[in-house]
Amino acid sequence: MSIRVRYAPSPTGLQHIGGVRTALFNYFFARANKGKFILRVEDTDRARYSKEALDDLFETMHWLGISWDEGPGVGGDYGPYFQSQRLHVYREHAEKLIQRGEAYYCFCPPERLKRLREEQQKKKESIGYDRFCRDLPQEEVSRKIKEQIPHVIRLKVPLEGETLFYDKLLGEIKKKNRDLPSDPVLLKSDGYPTYHLANVVDDHLMGISHILRAQEWLPSVPIHIHIYRAFGWEPPFFCHVPMVMGKDGQKLSKRHGSTSIREFREQGYLPEALINYISLVGWSYDDSREFFSKEELERLFTLDRLNKAPGVFDYKKLDWFNGQYIRMKDDEELKALVLPYLLKDGLLSNPPTERELKIVDGMIPLVKERLKKLSEISGMVKFLFVEIDQYSKEDIIPKKMNAETTIRVLKEGRKLIEEFPKHTDEENEELIRRKAEEMGMKVGSFMMPIRVAITGSTVSPPLLGSIRLLGTEKAVKRISGVIEVLKKAV
RNA sequence: GUCUCCUUCGUCUAGUGGUUAGGACACCGGGUUUUCAUCCCGGCAACAGGGGUUCGACUCCCCUAGGAGAUGCCA
């Protein structure tokens, strides 16, 4: 049997972790089984529709490198792949269900439904449609339609019996029909289908073999089963993957932190890190391996390695993965990745000058193993491009050192730095070591005031390399500046 | 409230009747180092509880508890 799966997002918000993981699982499942991966846009909610969300969908998929075999842009034999372009299909199918006695017209206005719900709430009854229009006389229905009274089409859900279906991950799931949402809407009054109708009709017409999606959809499966049955269709295989949660165990949402792929991208996460990490929430390969390229996942992904339990999204582990992937980049690649951030933060001219690019070349090896996210770059190397606007006195004078000795250290350091160009880095380091020893200090303590003078911070990339990139002249000037400040303070 | 699903270290997970319950992140120590980071070494830490089944249960069954999701003319 040929495998056809789909990712069917609704363009109502930015692509987020949960959705993309579903997309990834579908994509990997298709690739690993030589099947087809289809992208279908479920744009049937015209109130929440957003063009930005649609653009974001394509951008995100492109950035992650997930391509689809059928769908927007690439076409396919089962199009169109935007549900908004298939309205006639849904209407025809909805009407067919009415003819078969499996669905009915409902003329209840939204106000009535609202009132109904409020009453049910007050009386603590279970909430749901009271099937008011389910058995309207045929003449009344025809009359109301002729009068063009707004209406929807509802599914006639059996009142008795139970619905059973099989989930590849969860096994057999049973539900009493009386516990089902009562007679859900299939076709809205604006002529658009609801998710229930559209998804069933399209999955069938598009030959979808497996529905792979998050467990939040589980409760609506019995409804779908009834729709398939009403049409006389065979349902596809279901596989409901566990959801992605926030630290508090609730469904991951904005209040947990960044959730949209766009945000992660802007913060400087690498697509390979994101893909690798997301894939491991709810899925594993074995007891130890955890580094996977997208290409490897396209080969190795299997449904039977899915976990049933929901997984908490761990931002820290993502950071760790990202750091690992940054370190795997060669200098040229990392340079290209980091340049946009330097530009955006105004550290470079646009376009960058020859001199600036040389500094960037030189600093890449200095920052590579310090970066967790690309966006951290500017804070790390700012001192190479702009003057330091303010020194904190506590930083300049190390603990257990007074202003006088600090000035002495800075003067000795300045002397050595003036001679830097004459020696190699190794020789310079040796000279510094000797000088520190001579003054009875540890190398680290000796270098600290100099580090602060040069970089403006006690935390910085390696000093000698930094000084080389900054240039002796500027370095000496900064040290002299700090010495003056200290003298005044004494 | 009702229905459905879920339950191994703080987190992601391995484990499919017999293991000192393994790995990774985080955390805590230690080492390397020029600060930070990287890197290396070590440590902490789990089978939700109760009943069965069995010679033997993390593994199978039942119950309880806890968590989550769904209960829309949103998907």
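Only heavy atoms go into these numbers, but all of them, side chains included; no hydrogens, no water, no symmetry mates. Computed from a prediction, not measured in an experiment: that's the story for all the values here. Quick note on labels: first sequence line is chain A, next is B, and so on, each numbered from 1.
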Electrostatic pair [X]:[Y] at N-O distance under 4.0 angstrom:
X: A:R112; Y: A:D130; value: yes
X: A:R91; Y: A:E95; value: yes
X: A:R229; Y: A:E102; value: yes
X: A:K329; Y: A:E272; value: yes

For [N], give the paired nucleotide (Watson-Crick: N1-N3 plus N6-O4 or O6-N4; G-U: N1-O2 and O6-N3; both under 3.5 Å), or none.
N: B:A48; value: B:U64
N: B:U2; value: B:A70
N: B:C27; value: B:G43

Assess the pair A:F25 and A:F301: is the distance between their ring centroids shorter than 6.0 Å? yes

Interatomic distance where [atom1] belongs to [X] and [atom2] belongs to [N] [whole Å]:
X: A:R451; N: B:A37; atom1: CZ; atom2: C1'; result: 11 Å
X: A:Y90; N: B:A75; atom1: OH; atom2: C1'; result: 13 Å
X: A:M328; N: B:U38; atom1: CE; atom2: P; result: 15 Å
X: A:K308; N: B:U8; atom1: NZ; atom2: C1'; result: 15 Å

Roughly how far apart, to the nearest Å, are [N] and [M] at atom [atom1]?
N: B:A24; M: B:C40; atom1: P; result: 10 Å
N: B:C44; M: B:C5; atom1: P; result: 39 Å
N: B:U19; M: B:A75; atom1: C1'; result: 46 Å
N: B:A21; M: B:C39; atom1: P; result: 30 Å
N: B:C58; M: B:C9; atom1: P; result: 15 Å
N: B:C12; M: B:U71; atom1: P; result: 25 Å
N: B:C27; M: B:G10; atom1: C1'; result: 9 Å
N: B:U8; M: B:U59; atom1: C1'; result: 11 Å

Can you tell me whether the side chain of A:S189 and the base of B:C73 have a donor-acceptor pair closer than 3.5 Å?
yes

Ranking A:M447 and A:D179 by the position along RNA chain B of their nearest nucleotide, the one closer to 5' is A:D179

Ring pair (Phe, Tyr, Trp, His ring centres under 6.0 Å) test vs A:W320 passes for just one of A:Y269, A:Y277, A:F291, namely A:F291

Atom pairs under 3.5 Å: protein N/O with N/O of nucleotides 63-69 of chain B:
unit_1	atom_1	unit_2	atom_2	d
B:A68	OP1	A:Q250	OE1	2.9
B:G69	OP1	A:K251	N	3.1

For nucleotides 19-29 of chain B, 5' to 3', base contacts (B), sugar-phosphate-only contacts (S) and non-contacts (-) with protein non-hydrogen atoms under 4.0 Å give ---BSBSS---

Checking B:A14, B:C74, B:U7 against the side chain of A:R305 (C-beta onward), the nearest is B:A14

From the candidates B:G72, B:U13, B:C3, the one with an atom nearest any side-chain atom of A:V281 is B:U13

- Contact under 4.0 Å: A:N307 side-chain N or O vs B:A14 OP1/OP2: yes

- request: Assign the ring pair A:H240 / A:F238 to parallel, tilted or perpendicular, where the plane angle (0 to 90°) is split at 30° and 60°.
  value: parallel

